[in-house]
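First up is the structure itself, then whatever we jot down about it.
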There are 2 protein chains.
Amino acid sequence: MVETKEKILDTAEQLFGEKGYAPTSLRQVIAAAEVNLAAVHYHFGSKEELLDALIHRKADGVNQERLARLERLEAQAGNRPIPVRALLEGFLMPMVGVAESHPQFVRLIGRVQAEGLLPGIVQKHFQPIAKRYIAALRRSIPNLPEPEFLWRVHFMVGAMAHTMGGTPIFPGPPEAFHGRMRKLVTFLTAGFLAPAGKPEEK
Amino acid sequence: MVETKEKILDTAEQLFGEKGYAPTSLRQVIAAAEVNLAAVHYHFGSKEELLDALIHRKADGVNQERLARLERLEAQAGNRPIPVRALLEGFLMPMVGVAESHPQFVRLIGRVQAEGLLPGIVQKHFQPIAKRYIAALRRSIPNLPEPEFLWRVHFMVGAMAHTMGGTPIFPGPPEAFHGRMRKLVTFLTAGFLAPAGKPEEK
DNA sequence: GTCTATACTGAGATAGAC
DNA sequence: GTCTATCTCAGTATAGAC
């Protein structure tokens, strides 16, 4: 039954987003979805693969919008570097639409990314596009030493994951996610454009 | 035996830092520490309280240095606001010493903070001092609207947790932690000092 | 006061009947 | 495709040895 599979996916997305991946047991999922425990393993193989399928289901849409925005920016810019702020907006704002329709999904992504327990399960779905953005970002910030640039990307990932997955300071309605992301873009843009730290101390 | 308790703490710190809190079972800890399973519950009560004791053991030192630095900065500044960069250094750099002697501990703190599964277990030990720093930071950035300021604190926490707990881009020796933290301070300083985002869009 | 042995419940996973 | 029964391993609780 295709219904069973969908029901498991929907329920798992809901519960994983609310309470987190690790603390939610498959038994809670199957109870809420009113299916049998073995059905999960039949359809997905394992709890981790269920999570994987969950992310896969929605990642494509985000990836496509991210890619479209990047290509538009590149076309507009021609040979000139793209403004840092525009790149960060192109990467981050596509999450807003998803957050408004499926807030639990965005929380889940942030949580799983931050937990780092499932190494690479988020990367697997978002890495290819992320790499293109990072390359474009590099072209827009050519004077920063490479390690400092890469660490700034690292800082961005942390801030992003925590903003999407962490308990928000102001809970607020889903629409508030838009403003939150804009504030994040402002913050990160300034961080990326900061002059390189002095290398005096190792 | 005081030895048993210490052995459990040391071993747990090591393993939790390496693999994370949730994925490390108590049975792995007691096997490595060569003690009995029930001894953990005798001395600590539960896995979560073991983690708590672990953090407590090292948090005091960090907190004291953070406080000392803040008071020195306040004394120097008199009535003038303290430079943002100096505040962020005062808060972040005390982690460097710990990272060099006990890198696993710093990873653990970052991981647990990022996981968010044990809500408040990190806050419990660091919140009081953090609040004082946040208040001082506020005095140094008086023109930013309150929500935007608080969100920037939130972004900082995410970047910090990911930098301490996440898999580093360049593994490197423990001494490298110093340079990493300096880069983080540079990045965050610029982020905090960025002009407020336009409120045009909600 | 410290620690050991053992058992209990609930987790994810799997084999095999239907 | 689906469900029952069962396996292993997790965290936890307790009775009792020293």
Side-chain angles (χ1 to χ4, degrees), chain A residues 1-57 104 108 111-112 115-122 124, chain B residues 1-57 104 108 111-112 115-122 124:
Chain A
M1 262 250 262
V2 68
E3 226 183 83
T4 304
K5 200 169 170 178
E6 288 298 315
K7 221 166 13 174
I8 295 171
L9 282 170
D10 291 341
T11 312
E13 180 177 308
Q14 180 72 31
L15 294 183
F16 287 172
E18 275 172 21
K19 315 196 318 158
Y21 169 76
T24 304
S25 71
L26 286 181
R27 284 170 169 85
Q28 291 174 306
V29 174
I30 61 123
E34 295 176 302
V35 300
N36 186 275
L37 174 59
V40 177
H41 291 94
Y42 172 74
H43 284 291
F44 302 101
S46 70
K47 188 184 181 184
E48 194 168 328
E49 286 171 290
L50 166 60
L51 175 64
D52 192 83
L54 215 54
I55 297 175
H56 183 70
R57 195 165 61 144
Q104 314 86 347
L108 175 61
R111 274 174 179 281
V112 173
E115 290 186 19
L117 304 179
L118 298 313
I121 203 164
V122 174
K124 178 179 154 192
Chain B
M1 265 245 261
V2 69
E3 225 183 85
T4 303
K5 200 169 170 177
E6 288 298 316
K7 220 165 16 172
I8 294 171
L9 282 170
D10 291 341
T11 312
E13 180 177 307
Q14 180 71 31
L15 294 183
F16 287 172
E18 276 173 20
K19 314 197 318 160
Y21 168 77
T24 304
S25 72
L26 286 181
R27 284 169 169 86
Q28 291 174 306
V29 173
I30 59 122
E34 295 177 302
V35 300
N36 187 276
L37 175 59
V40 176
H41 290 92
Y42 172 73
H43 284 290
F44 303 101
S46 70
K47 188 183 181 185
E48 194 168 328
E49 285 170 290
L50 166 59
L51 176 63
D52 192 82
L54 214 55
I55 297 175
H56 182 71
R57 194 166 63 143
Q104 314 85 350
L108 175 62
R111 275 174 178 283
V112 174
E115 289 184 19
L117 303 179
L118 299 312
I121 202 164
V122 174
K124 178 179 157 193

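The figures here come from the full heavy-atom set of this structure, side chains too, leaving out hydrogens, waters and symmetry mates. Predicted model, so just to flag it, every value in this text is computed and none were measured. Chain A is the first sequence line, chain B the second, and so forth, proteins listed ahead of strands; every chain is numbered from 1.
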First locate atom CG of B:L50, then atom CD1 of B:I8, and finally report the distance between them rounded to the nearest 0.5 Å. 7.5 Å
Assess the residue pair B:I55 and B:K124 against the criterion (side chain to side chain contact (heavy atoms under 4.5 Å, CB included)); give the C-alpha distance rounded to whole Å, side-chain angles, the decisive distance to 0.1 Å, and a yes or no. CA-CA 10 Å; B:I55 297 175; B:K124 178 179 157 193; over 6 Å; no
Less than 4.5 Å apart, side chain to side chain, heavy atoms only: is that true for A:R111 and A:F16? no
Do you know which two heavy atoms are closest between B:N36 and B:I30, and how far apart they sit? O-CG2, 3.9 Å
Between B:I121 and B:V112, what is the shortest heavy-atom contact and its length? CG2-CG1, 3.5 Å
Between [N] ([atom2]) and [X] ([atom1]): distance, integer Å:
| X | N | atom1 | atom2 | answer |
| --- | --- | --- | --- | --- |
| A:H43 | C:dA13 | NE2 | C1' | 16 Å |
| B:R27 | C:dG10 | CZ | C1' | 12 Å |
| A:H41 | C:dT14 | NE2 | C1' | 8 Å |
| A:L37 | C:dA11 | CG | C1' | 10 Å |
| A:I30 | C:dG10 | CD1 | P | 14 Å |

Nt span of DNA chain D in reach of chain B heavy atoms at under 4.0 Å, 5' end first, is D:dA10 to D:dT14
When A:G45 and A:Q28 are each assigned the nearest nucleotide of DNA chain C, the 5'-most assignment goes to A:Q28
So what does B:A38 touch, heavy atoms closer than 4.0 Å: a base, only the sugar-phosphate, or nothing? base
Distance alone, cut at 3.5 Å: any donor-acceptor contact between the side chains of B:Q14 and B:Q104? yes
Taking 4.0 Å as the cut-off, does a side-chain nitrogen or oxygen of A:S25 come that near to OP1 or OP2 on C:dA11? yes
